[in-house]
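In what follows, a single structure is set out as structure tokens and then discussed.
In this text the structure is predicted, and so the values were computed from the model without any measurement. Just the heavy atoms: all of them, side chains too, but no hydrogens, waters or symmetry mates, feed the values below.
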Amino acid sequence: MNSKTSNNIATGVIYVLVAAVIGILVFLLGYILWTGIPHISWHFLTSAAQSFRAGGGVRDQLFNSMYLLVLTLIISFPIALGSGIYLSEYAPNNWFTGLIRTAVEVLSSLPSVVVGLFGYLLFVIQFNMGCSILAGAIALTFFNLPLLTRSIEESLQDVSQLQREAGLSLGLSRWKTITGIVLPAAVPGILTGIILSAGRVFGEAAALIYTAGQSAPTVNYGDWNPVDPASFLNPLRPAETLAVHIWKLNTEGVTPDAAAISSGASAVLIVVILLFNLLARMLGNWMYKKMTATR
Amino acid sequence: MQNYSFDDTHIIDMPLEKVLTTDNLQVFYGDNHAMHDATLEFPRYRITALIGASGSGKSTYLRCLNRMNDRIATVKGKIMYRDTDINSQNINVYEVRKHISMVFQRPNPFAKSIRENITFALKRNGIKDKNELNKRVEESLKAAALWDEVKDELDKSALALSGGQAQRLCIARCVAMKPDILLLDEPASALDPISTAKIEETLQQLRKNYSIIIVTHNMQQASRIADYTAFFHMGHVLEFDETEKLFTNPQIKATEDYISGNFG
């Protein structure tokens with residue numbers, strides 16, 4: 001076989017594999033959107049879920065998913081940023097940092113049910129938080145941390161060593177070099193990490209069933225006082241998310257239109273994730289341009 | 001490769017005012033003894049070139065002079081600057097680098113605007129006054145012969161500059177800090193001949209106000225711009241003299257072979 005033929009065969013195989021991946025993706029997305037979008041309406045998005053009657057919406061679940069994401073990021077991003085900076089810029093290459101990296105990887109491969117039950121026992125029961133958004137956010141932080149830390153570490157390491165030398169040679173301290181030069185250059189990579197982890201938070205159900213709970217009590221969206229129990233911002237109230245809602249409808253849903261709501265909610269979930277992706281990318285590009293003056 | 005004696009050296013005493021001297025400077029990468037006993041004296045407001053083959057230790061040596069080898073290598077010996085040994089433990093290296101600044105082989109502008117490239121370090125060092133910052137930007141870009149090319153696009157990204165322009169921006173960035181000494185590590189080796197000529201022209205201008213130490217692979221470049229030249233070989237300084245003398249009448253066999261191309 002000459003090199004031209006083998007090249008053609010290899011290219012062909014690669015195309016087939018790519019087509020398979022795209023095919024599966026299009027089929028899944030298409031199926032979910034096709035079956036779900038007809039059920040989405042303004043009423044569906046803005047009304048509360050019904051337990052027994054038909055015609056319920058997903059307003060609270062949708063908000064809970066987003067609020068949970070924000071809370072999770074508020075907790076996990078600073079920790080991940082700090083450890084990412086440490087691992088990339090300060091950590092010496094020895095057995096200890098090797099241990100940290102391995103631990104981070106093990107953390108990311110924990111089954112989510114295990115993390116959920118752990119969160120249930122520790123936060124919900126032991127720390128007396130009850131089923132709450134906060135307990136859910138902390139449990140999700142366990143998933144988020146490895147992914148975020150890794151992606152931040154890698155995006156920092158992708159910034160050329162020459163940039164660090166340039167900063168240092170101008171008499172800047174290491175810290176100023178990292179925060180002022182390396183970090184801004186790493187923004188796009190860090191953002192990708194946030195988006196990936198956000199997708200996971202949106203889609204997570206198993207860990208939340210035991211931590212954030214399966215009920216979505218009626219909350220007052222006009223009440224901006226986060227310590228008020230009725231406030232939508234109260235982090236200590238139970239909060240069923242969209243993904244948990246879908247799971248619940250499909251397992252123990254007793255409303256006559258459970259299937260329809262579940263399809264609609266799935267489509268909403270996917271659309272929200274896509275929107276979040278787009279928004280985060282736009283925001284990231286804007287930030288990157290602002291910080292680097294790239295036009 | 002021919003073996004040259006390392007004991008056979010010709011190093012002149014600096015007749016001019018000295019800006020920096022190294023005394024018995026040695027560098028170790030782990031067990032690897034990369035630089036032996038470099039004792040040199042650098043003149044103020046002159047250009048000194050460090051020449052030698054790859055691996056001769058000239059870049060290693062240069063990087064010691066503003067402590068860029070910290071964390072990478074162990075450096076022993078003295079580096080005397082303003083009556084202080086800046087190689088000692090308790091020296092504030094960040095302060096040293098404000099006085100002894102470095103330009104690297106590959107242009108490394110920050111991913112920021114041209115203006116920000118220059119003002120970033122200034123701001124972090126406490127210069128807040130807008131007029132002063134603008135003045136420094138203009139002065140340093142003029143000093144690096146880049147002003148005319150970029151004065152209308154100071155807020156554009158520095159990453160869009162050509163290699164030669166980017167390298168001159170890196171020089172301007174150092175100059176804006178008003179250092180005493182400029183260290184340049186093969187600043188033109190990644191550039192085309194026209195950009196190289198511009199860099200050399202720039203260095204000739206800067207020589208009036210700065211003491212310059214430049215590592216170069218290019219012997220023509222050394223003979224064109226340098227007042228003094230040191231020849232490095234396998235981690236030893238074998239010859240140090242006025243550039244003209246070193247190139248026309250080298251005292252050491254190794255130097256003669258290197259500059260005439262009979263090396264190795």
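When the heavy atoms of residues 151-163 of chain A are compared with those of chain B, the residues falling under 4.5 Å are A:Leu162, A:Gln163, listed by number. Within residues 161-176 of chain B, the residues having any heavy atom less than 4.5 Å from a heavy atom of chain A are, in residue-number order, B:Arg173, B:Cys174. Contacts between residues 126-154 of chain B and chain A, defined by a heavy-atom separation under 4.5 Å, are made by no residue at all. The stretch residues 71-103 of chain A places none of its residues near chain B, where near means some heavy atom under 4.5 Å from a heavy atom of that chain.
Here A:Ser169 contributes atom OG and B:Lys98 contributes atom NZ; the two are 13.0 Å apart, rounded to the nearest 0.5 Å. We find the CZ-CG distance between B:Phe120 and A:Leu172 to be 6.0 Å, quoted to the nearest 0.5 Å.
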*Please assess B:Phe110 against A:Leu170 for the test side chain to side chain contact (heavy atoms under 4.5 Å, CB included), listing each intermediate value before the final yes or no.*
CA-CA 12 Å; B:Phe110 301 136; A:Leu170 289 172; 3.9 Å; yes
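For a residue to count as touching a neighbouring chain, one of its non-hydrogen atoms must lie under 4.5 Å from one of that chain's; by this rule B:Phe104 touches chain A with the side chain only. For a residue to count as touching a neighbouring chain, one of its non-hydrogen atoms must lie under 4.5 Å from one of that chain's; by this rule B:Pro179 does not touch chain A. Interface remark: B:Asn92 contributes no atoms to any contact with chain A (heavy atom separation under 4.5 Å).
Looking at B:Tyr94 and A:Arg174, their side chains come closer than 4.5 Å, going by heavy atoms from C-beta outward. Side-chain contact check for B:Lys112 versus A:Pro184: some heavy-atom pair is nearer than 4.5 Å. Between A:Leu168 and B:Met68, the closest side-chain pair of non-hydrogen atoms falls below 4.5 Å. B:Arg124 is listed as a side-chain neighbour of A:Thr179, based on a closest heavy-atom distance under 4.5 Å. At a threshold of 4.5 Å between non-hydrogen side-chain atoms, the residues B:Arg63 and A:Glu165 count as touching.
Surrounding CG of B:Asp31 are at most 12 heavy atoms belonging to other residues, nucleotides or ligands under 6.0 Å away.
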